[in-house]
Colleague: 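Let me give you the structure first, and then I'll get to my questions.
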Amino acid sequence: MKYWLIKSEPEAYSWDDLENEIIGRWDGVRNYQARNNLKTMQKGDLCLFYHSVTGKEIVGIAEVVNEYYADTTAEKGDWVCIDVKTYQKLQKPVTLSQIKSEEKLNQMALLKQSRLSVSPITKDEFDCIISMGQ
DNA sequence: GCCAACGTTGGC
DNA sequence: GCCAACGTTGGC
């Protein structure tokens, strides 16, 4: 089981949108590093769902329900998407400033590579954020 | 709204 | 293959 952080501007696609859709398709990724991460994701992996720009906070946990397949929104090139569903909403969102002020989390790609939309995180980082969100 | 960081494109 | 120009993302 691996852990990930996925992010989206809530104006484009929010946690509530995923909740309404039940199963959401995570497509539109056009970055090779993020794509390679998508290809590594396995069914049952858990993803922290981060709202960028508006909110700047982790709002919940999503679960991978289908592994990667061709992204039909791509007109050319080898791009992929996955399917996710909501797993558990955090009782309290964990904000970017909280993450920045927690020493255990200062290696996260969210801080070092703010533009990477799909990034791996460690179990320790995952557990730390979950406990901060309770 | 500004700007830094990063990725992509295209001229040479 | 290098690098300047440009576009996008996302924090502030």
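Below, all heavy atoms of this structure are taken into account, side chains as well, without hydrogens, waters or symmetry copies. All figures in this text were calculated on a predicted structure; none of them were measured in a lab. Residue numbering restarts at 1 for every chain, and letters A, B, ... go by the order of the sequence lines.
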Colleague: Would you say A/K7 reaches C/dG10's phosphate, i.e. side-chain N/O to OP1/OP2 under 4.0 Å?
Modeller: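 Answer is yes, contact under 4.0 Å.
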Colleague: Which residues pass the ring pair (Phe, Tyr, Trp, His ring centres under 6.0 Å) test with A/Y87, not counting sequence neighbours?
Modeller: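 With neighbours one apart ignored, the set is empty.
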Colleague: Which part of the nucleic acid, if any, lies within reach of A/L96 when heavy atoms closer than 4.0 Å are counted: base, sugar-phosphate only, or nothing?
Modeller: sugar-phosphate
Colleague: Whether A/D78 and A/K39 form a salt bridge (side-chain N of Lys/Arg under 4.0 Å from carboxylate O of Asp/Glu) is what I want to check.
Modeller: yes
Colleague: How close or far is atom C1' of C/dT9 from atom CD of A/Q33, stated in whole angstroms?
Modeller: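 Atom-to-atom, A/Q33 to C/dT9, this comes out as 14 Å.
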Colleague: How many whole angstroms separate atom CZ of A/R30 from atom C1' of C/dG10?
Modeller: 19 Å
Colleague: Could you walk me through whether A/T122 and A/D127 satisfy the side-chain contact (heavy atoms from CB on, under 4.5 Å) test, starting with their C-alpha distance in whole Å, then the side-chain angles of each, then the deciding distance to 0.1 Å, before giving a yes or no?
Modeller: CA-CA 9 Å; A/T122 66; A/D127 290 342; over 6 Å; no
Colleague: How many whole angstroms separate atom CD of A/E11 from atom P of C/dT8?
Modeller: 18 Å
Colleague: Hydrophobic side-chain clustering at under 4.5 Å (ILVMFWY, transitive links): who's grouped with A/V65? Put none if nobody.
Modeller: A/I22, A/I23
Colleague: A/Y13 has an atom OH; how far is it from atom P of C/dG10, in whole Å?
Modeller: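 Answer to the nearest Å: 17 Å.
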Colleague: Tell me, which of residues 46-55 of chain A have any heavy atom that sits under 4.0 Å from an atom in DNA chain C?
Modeller: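 Heavy-atom cutoff 4.0 Å gives A/Y50, A/S52, A/V53.
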Colleague: Under 3.5 Å, is there a donor-acceptor pair between the A/D17 and A/S14 side chains?
Modeller: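 Yes.
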Colleague: Do NZ/NE/NH1/NH2 and the carboxylate oxygens of A/R35 and A/D71 come within less than 4.0 Å?
Modeller: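 So A/R35 does not pair with A/D71 through a salt bridge.
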Colleague: Just checking, is any N or O donor in the side chain of A/D45 or A/W4 under 3.5 Å from an acceptor N or O on the other one?
Modeller: yes
Colleague: What's the shortest heavy-atom distance between A/I129 and A/V94, and which atoms?
Modeller: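 Heavy atoms only, the tightest pair is O-CG2, 3.6 Å.
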Colleague: If you take any heavy atom closer than 4.0 Å to DNA chain B, which residues from residues 101-113 of chain A end up in contact?
Modeller: A/K112
Colleague: Would you please say whether a donor-acceptor pair under 3.5 Å links the side chains of A/E125 and A/Q107?
Modeller: no
Colleague: Return a table of donor-acceptor pairs under 3.5 angstrom between the side chains of residues 46-58 of chain A and protein atoms on other chains or two or more places apart.
Modeller:
residue: A/H51; atom: NE2; partner: A/W15; partner atom: N; Å: 3.0
residue: A/T54; atom: OG1; partner: A/E11; partner atom: OE1; Å: 3.1
residue: A/T54; atom: OG1; partner: A/E11; partner atom: OE2; Å: 3.1

Colleague: Do A/E102 and A/C128 come close enough that some side-chain heavy atom pair is under 4.5 Å?
Modeller: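 Yes, close enough: below the 4.5 Å cut-off.
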Colleague: Any chance you could list the contact pattern along nucleotides 2-7 of chain C? Use B for base contacts, S for sugar-phosphate-only contacts and - for none, protein heavy atoms under 4.0 Å, 5' to 3'.
Modeller: -----B
